[in-house]
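Below, chain A is the first sequence line, B the second, and so on; all start at residue 1.
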2 protein chains.
Amino acid sequence: MEDVALAAGVSTATVSRFLNSPSRVAKDTAERVQNAIRQLGYRPNVFAQVLMTRKSRVIGILLPDIHGEFYSELLRGADAEAHRLGYHLLISSEGGEGPATMLSSNVVGFMAGLAVMITEPNEQLWLQIKESGLPLVVIDEAIHLNGLDRVLVDNASGTREAVEHLLTRVDSKNMYFVGGPKENFDTAERAKVFVETLAKAGRTSSDDQVRYGDYTVEWGRKAAESLVKKIGPAPLGVLAANDEIAFGIMQAAQDAGIAIPGQLRIVGFDDTRLASLTRPQLSTVRVPTADLGAQAVRSLVDRLANGDRPGTLTTLPTRLVVRGTSAE
Amino acid sequence: MEDVALAAGVSTATVSRFLNSPSRVAKDTAERVQNAIRQLGYRPNVFAQVLMTRKSRVIGILLPDIHGEFYSELLRGADAEAHRLGYHLLISSEGGEGPATMLSSNVVGFMAGLAVMITEPNEQLWLQIKESGLPLVVIDEAIHLNGLDRVLVDNASGTREAVEHLLTRVDSKNMYFVGGPKENFDTAERAKVFVETLAKAGRTSSDDQVRYGDYTVEWGRKAAESLVKKIGPAPLGVLAANDEIAFGIMQAAQDAGIAIPGQLRIVGFDDTRLASLTRPQLSTVRVPTADLGAQAVRSLVDRLANGDRPGTLTTLPTRLVVRGTSAE
DNA sequence: TCTCGTCATGCAAGCCCTTACATCGTATTT
DNA sequence: AAATACGATGTAAGGGCTTGCATGACGAGA
């Protein structure tokens, strides 16, 4: 920077001003500085800059995993939005279990804020997050604290819509919900609304009609094994907590010679790409996954600009997409 | 830091030493410093640290996209390895077209090095990368420069294996290669070896037998339309440049009532999760995708430690996984 | 007992910027 | 013409850390 200043015949202060608030330097000076910079290939040192200004444009994002359609889509949305806002993403897929090295390592210092999604309760991690003292936004979680920004998905309306749709062809006693982990926030919410909606339709449901497992195809297949046995003359209706599970159920059912949607009507959740790749195509509740990431980033950046406003809650809409597995 | 020093009755230098090379401070002093740090909740300021040491532990990773099985798997491998080595990933999915904002923005300064994968030629981007002056590792690319670290996939052996496998049941004149973009490095390599292997089997192949498109399911479906017309009494053999394409072909063929593997035998490439989800399951060439990311990180970190060693080339093995679409 | 190597620590320079404050020349006002 | 305001720039003080060099204490070898 000194070299640039010298070459342009100004002081470093002017160079700095040229860089940060060009309006404050005279036109011809600006030009000389500009040239000097180009000539010398000068690039400001971010670390020195941040050291002074205390403003980094990096956002940490902590996800349970970065693998699979859902998270990679979320990440994509977040990444795109971050770029749009001039921020950058530092990723970590350690929201699974135990503490995250991202948060114990020095890079915490890089981050201006943190977007977190934790699918399974993890005290240790949560503590660590609070200790980091970073501005926070949580994605899709039950946690409710003063001044905390949250982004949620409207599980209730999506679930309700799906259940009501299934009920047009399926008797409520033949309805099943196949969830992910019981402690998982989304699964819990969806299960709850599933039951409520059945109740509203005038039928109480038995515990047997709600099942928990995990978010995998394998669990779907396994769940299907016992489900197919229940199929009688009337069709069964299944709402799965995500598309993976739905797909597993579908596959196992098809292997067992069950007709879809004739004997088994299925609705998934998320509308990942998988849903439109299956045959028949999977009916599913569309979750604006990329938006979830984007909105998280937006909330966070907003908070960074505006530290002490109250916490916000953004709920993103969901909607049923009817395809082959539950169509006529 | 000054506060800590004061509380521990030492100088800041000692605190710094305690943090960076604990062996250089006496045991009881260390303890006092430790306590002071804990007491005051002190955390070193990364920016100041890096400003001094010029060593950031952040690696940029530039991919064409971060969406989809392949990239998210790659990213996962890279992320895991980075963490293992005490590094962190700054992601950008802008390797598509035009310049990348990641590289023009200040965050470049955060990065100690850059891992790049560009699937389509992009002069502008490449220039930008060189200008950044960052230590580099390129993933899966043709570029060959002195002192550049590269990580490749052994396209040749995988392709050869797949073609030879298909040839056991399919006549070489009924063999087809359905590629991604013609300019894409992988597609080009695979196409070349496809032709060579056919030639080695004693048959020359017509241009018609090698087709280019993109890496999508849609392209696969489209390609299948003309392919299924060619099916006579003898089966067709198709090698697709990735699993997505293979899946598209498969789907279109099944929709057209073609028997797989009876009339059409398919082998995909990559062995993404998709491959074992289809029915019949997709035969495919396994690419160690996560390793690809991990190895890129490893090479880069190694170079960071060891700046002026010659460029390395790591080729990761591939191998054919035979499943239903090409089995008996 | 004297000298010297070692170890633990302190001193202070410097990493590269930003910015409050001071300075100076010119334009505006009265 | 004097007083005032303002715009453009320079000066220098940090921001929080690392590290070469200096210091002092202490045990070991001579």
Side-chain angles (χ1 to χ4, degrees), chain A residues 1-37 39-58 86 105-112 132-134, chain B residues 1-58 86 105-112 132-134 304:
Chain A
M1 181 158 161
E2 209 158 352
D3 296 345
V4 173
L6 211 67
V10 296
S11 73
T12 59
T14 302
V15 177
S16 174
R17 275 187 210 105
F18 169 76
L19 257 24
N20 299 302
S21 33
S23 66
R24 297 167 55 81
V25 1
K27 207 140 196 181
D28 53 334
T29 318
E31 201 164 316
R32 290 203 324 275
V33 174
Q34 174 69 290
N35 285 340
I37 286 179
Q39 208 107 74
L40 286 101
Y42 167 75
R43 301 192 97 160
N45 178 312
V46 205
F47 294 96
Q49 286 185 148
V50 178
L51 183 57
M52 279 299 306
T53 61
R54 332 248 76 203
K55 280 190 182 67
S56 114
R57 307 202 66 130
V58 172
S105 86
N106 296 13
V107 280
V108 179
F110 285 145
M111 302 184 278
S132 77
L134 291 169
Chain B
M1 180 157 164
E2 209 157 349
D3 296 345
V4 172
L6 211 67
V10 296
S11 73
T12 58
T14 301
V15 177
S16 173
R17 277 187 207 105
F18 168 77
L19 257 23
N20 299 303
S21 33
S23 65
R24 298 165 57 80
V25 1
K27 207 141 195 180
D28 53 333
T29 319
E31 204 164 314
R32 290 200 327 273
V33 175
Q34 175 69 291
N35 285 340
I37 286 179
R38 205 189 310 264
Q39 208 104 73
L40 287 104
Y42 166 77
R43 300 193 98 161
N45 178 313
V46 207
F47 294 96
Q49 285 185 148
V50 178
L51 184 55
M52 276 301 305
T53 61
R54 332 251 72 208
K55 281 189 181 66
S56 115
R57 308 205 64 139
V58 171
S105 86
N106 295 13
V107 280
V108 179
F110 285 145
M111 303 184 277
S132 78
L134 291 170
L304 293 178

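- In this structure, B:V25 and B:V33 have side chains that are not in contact, with every pair of non-hydrogen atoms separated by 4.5 Å or more.
- Looking only at side-chain heavy atoms (C-beta outward), B:F18 and B:V10 stay at 4.5 Å or farther from each other.
- Contact detail for B:S132 and B:V108: the closest heavy-atom pair is CB-CG1, 4.2 Å.
- Looking at heavy atoms from C-beta onward, A:V46 lies in side-chain contact with A:Q49 at the 4.5 angstrom threshold.
- Contact annotation for A:G9: backbone-only contact, meaning every heavy-atom pair under 4.0 Å involves sugar-phosphate atoms and none involves a base.
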Chi angles and distances behind the side chain to side chain contact (heavy atoms under 4.5 Å, CB included) call for A:T14, A:S11
CA-CA 5 Å; A:T14 302; A:S11 73; 3.5 Å; yes

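- No side-chain donor-acceptor contact under 3.5 Å links B:T12 to the backbone of B:A5.
- Protein chain B touches strand DNA chain D; the 5'-most and 3'-most nucleotides with an atom under 4.0 angstrom of its non-hydrogen atoms are D:dG16 to D:dG20.
- A tilted orientation is assigned to the rings of B:F47 and B:F110, their planes being inclined by 30° to 60°.
- Within the nucleic acid shown, A:V50 has no heavy atom closer than 4.0 Å to any nucleic acid atom.
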Close N/O contacts between protein and nucleotides 15-19 of chain C (under 3.5 Å):
{"unit_1": "C:dC17", "atom_1": "OP1", "unit_2": "A:Y42", "atom_2": "OH", "d": "2.7"}
{"unit_1": "C:dC17", "atom_1": "OP1", "unit_2": "A:N45", "atom_2": "N", "d": "3.1"}
{"unit_1": "C:dC17", "atom_1": "OP2", "unit_2": "A:Y42", "atom_2": "OH", "d": "3.4"}
{"unit_1": "C:dC17", "atom_1": "O5'", "unit_2": "A:N45", "atom_2": "N", "d": "3.4"}
{"unit_1": "C:dT18", "atom_1": "OP1", "unit_2": "A:N20", "atom_2": "OD1", "d": "3.4"}
{"unit_1": "C:dT18", "atom_1": "OP1", "unit_2": "A:N20", "atom_2": "ND2", "d": "3.1"}
{"unit_1": "C:dT18", "atom_1": "OP1", "unit_2": "A:Q49", "atom_2": "OE1", "d": "3.3"}
{"unit_1": "C:dT18", "atom_1": "OP2", "unit_2": "A:S16", "atom_2": "OG", "d": "2.5"}
{"unit_1": "C:dT18", "atom_1": "OP2", "unit_2": "A:N20", "atom_2": "ND2", "d": "3.3"}

Between N or O atoms, less than 3.5 Å apart, protein on one side and nucleotides 25-28 of chain C on the other: list the pairs.
none

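- Within a 6.0 Å sphere centred on CD of B:Q39, other residues, nucleotides and ligands contribute 12 heavy atoms or fewer.
- Of the possible polar contacts, none joining the A:R17 side chain to the A:R24 backbone as a donor-acceptor pair under 3.5 Å is found.
- The shortest distance between side-chain heavy atoms of A:N45 and B:R54 falls below 4.5 Å.
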